[in-house]
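Notes follow once the structure below has been shown.
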Amino acid sequence: MSFDLSLIAVSLPKILQGLGLTLNLLAVSTLFGLILAVGILLMRLSRRAWLVWPAKAYIYFFRGTPLLVQLFVIYHGLPQFGFIRQSVLWPLLREPYWCSVIALSLNTAAYVSEILRGGVLGVDKGLIEAGKALGLSKFQRTSRITAPLAVRLALPAYSNEIVSMLKSTALASTVTLMEMTGVARTIVADTFAPYEIFIAATIIYLVLVWIIQTGFTLVETYANRHVRKT
Amino acid sequence: MKFMTGLLSAAIVGLAVAMPAQAETLRVGMECTYAPFNYRTPEGEMAGYDVDVAKGIAERIGVDLDYVCQEWDGMIPSLLANKFDLIVASMSITEERKQKIDFSIPYRVSVGRILGSKEASLKLFDEAGNPIPDAFNGLRFGVERASTYAKWVEAKLPGAEISLYDGAQPMLLDLQNGRIDIAITNPMKAYLDFLSKENGAGFEFVSPPIDEVEYFGPGVGVGLRKGNDELLAKIDTALDEMIKDGSLEKYSLQYFPFSIHPSNWKGVGQ
């Protein structure tokens, strides 16, 4: 078993060709996931059972099954039905890119809505009561007090979710997409050198995670600038 | 008691001496999941074209066989690590592999063919059997990752819109679902698993057999560690005999309605 350091150096630029797609998948699904998550959060926090239960079921389903299975159901499973291939959705579902975005977005929405719910529940009741006492309307209390504080509380857990999403984009390589892991797997199959190539991919993922972590630390510091450190 | 033990030992020694020299056992590496070339029957027996060839060789050179099931990506490393002595696993003879191991003469052709929908009535090749690069424009082309087919497509059709797959199964599924327009693969597997089944009814071969030696090598051979020239010569002689006496022909026809060994390749029937 020989270990070839130069192979790492040679494969790094090749794997970086998949960086664009990796970041694209991450950004697009995070955005869609966040929008969806806010919707699910509002349903989940509602007092009406017919809104709460679908939200709970959604969260249970998407947190309770592996992302890979969800992706396979969307990619391989849905086209088994003829009507889906005739439907207006087919131009979208035909593309491995959109199948991946849909699976990643639906999955992350379940987690993010729970992360945000944790933030909302963490907001001090006293502050909301103070808002009531000052005569703020329900909408004002939500937008001025609950929402900003909830976001601040949810940030650390949310950064965790983004890091986790970055790694999940690697699953898109199982449905023919050539993001970083897809490129790496192709080089491995050509060179019979899994260690060197996957180490190269690991290095890039670690750099990306470091950037995300540092970014979130900055955002957290900014968001908590009014909180005095004791 | 001592007497009894002595008698017993004497009997054992006598037995060992009286026994004819044990036939040598060769361990054969294969995937055991690659029907109809090497696989297990529901009864647990090894079967398939590769298995028949391995048995034919063993019979002719007078050895016993042991089968070792090994995943494809570890096949060459395991041979080199002495986990088994021969690879009889539908492995194409390529220059890259020849740098690490030796190969026998080919016992099966190595060939690819492109599949497409019947409705589209694609014309991708000219009369001489060469691909027309323009005809591939706008077609999504399914290819198995790092296969001999991928090498051919990259060299001949650098502009093709390629989707890379990990195996033939998911690729043919996507062909059926319309995610890709054409796909290149082993015509024998494609015929048995797809075209001859209900799922593949709307599809056909849209290319002649593609087997340029530069990309596909001379065919599929038995692989063995370098430095076993004596065994290699015996295997080559055995294979040559099997081609001449029609054994390979007989094995082919058990699985396919056509021959698949190099001296008698006529292509897959439509």
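In what follows, chains carry the letters A, B, and so on, assigned in the order in which the sequence lines appear, proteins first and then strands, with residues in each chain numbered from 1. Bear in mind the structure is a predicted one, so any value in this text is a computation, not a measurement.
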Aromatic plane relationship, A/F216 with A/Y158 - under 30° parallel, 30 to 60° tilted, over 60° perpendicular: perpendicular
Validation row, ring centre B/F37 to ring centre B/Y34 under 6.0 Å: yes
B/F194 ring center near B/F203 ring center (under 6.0 Å):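 Yes, close enough.
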Which atoms of A/R94 approach chain B - backbone, side chain, both or neither, heavy atom under 4.5 Å: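 Answer is both: backbone and side chain atoms of A/R94 are under 4.5 Å from chain B.
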Interface moiety of A/L93 toward chain B, non-hydrogen atoms closer than 4.5 Å: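 Looking at A/L93, just its backbone touches chain B.
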Side chain proximity check, A/K56 to A/I59, heavy atoms < 4.5 angstrom: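 When only atoms from C-beta onward are counted, A/I59 and A/K56 do not touch, as no gap falls below 4.5 Å.
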Pair A/Y205-A/T22, side-chain donor/acceptor within less than 3.5 Å: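 There is no such pair (donor and acceptor under 3.5 Å, judged by atom type) between the side chains of A/Y205 and A/T22.
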Donor-acceptor side-chain pairing of B/D50 and B/Y107 below 3.5 angstrom: yes
Residues A/I15, A/I197; criterion side-chain contact (heavy atoms from CB on, under 4.5 Å); working and verdict: CA-CA 9 Å; A/I15 298 174; A/I197 310 301; 4.1 Å; yes
Closest-packed option against chain A by number of heavy-atom pairs under 4.5 Å, given B/L80, B/D174, B/L173: B/D174
A/Y75 six-ring face occupied by B/R179 cation (under 6.0 Å, within 45°): yes
Close contacts, residues 154-168 of chain B versus chain A, judged by heavy atoms under 4.5 Å: B/S163, B/L164, B/Y165, B/D166
Any residue of residues 81-98 of chain B which, by heavy atoms, sits under 4.5 Å from chain A: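 Hits under 4.5 Å: B/E96.
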Exam field: side chain B/R225 to backbone B/L79, donor-acceptor pair closer than 3.5 Å: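 Yes: the side chain of B/R225 pairs with the backbone of B/L79.
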Salt-bridge contact B/R27-B/D66 (side-chain N to carboxylate O under 4.0 Å): no
Most chain B-contacting option - heavy-atom pairs closer than 4.5 Å, from A/R85, A/H76, A/Q80: A/R85
CA sep, side-chain torsions, deciding dist, call: B/R140, A/E95, salt bridge (Lys or Arg N to Asp or Glu O under 4.0 Å): CA-CA 11 Å; B/R140 293 192 195 194; A/E95 302 294 332; 2.7 Å; yes
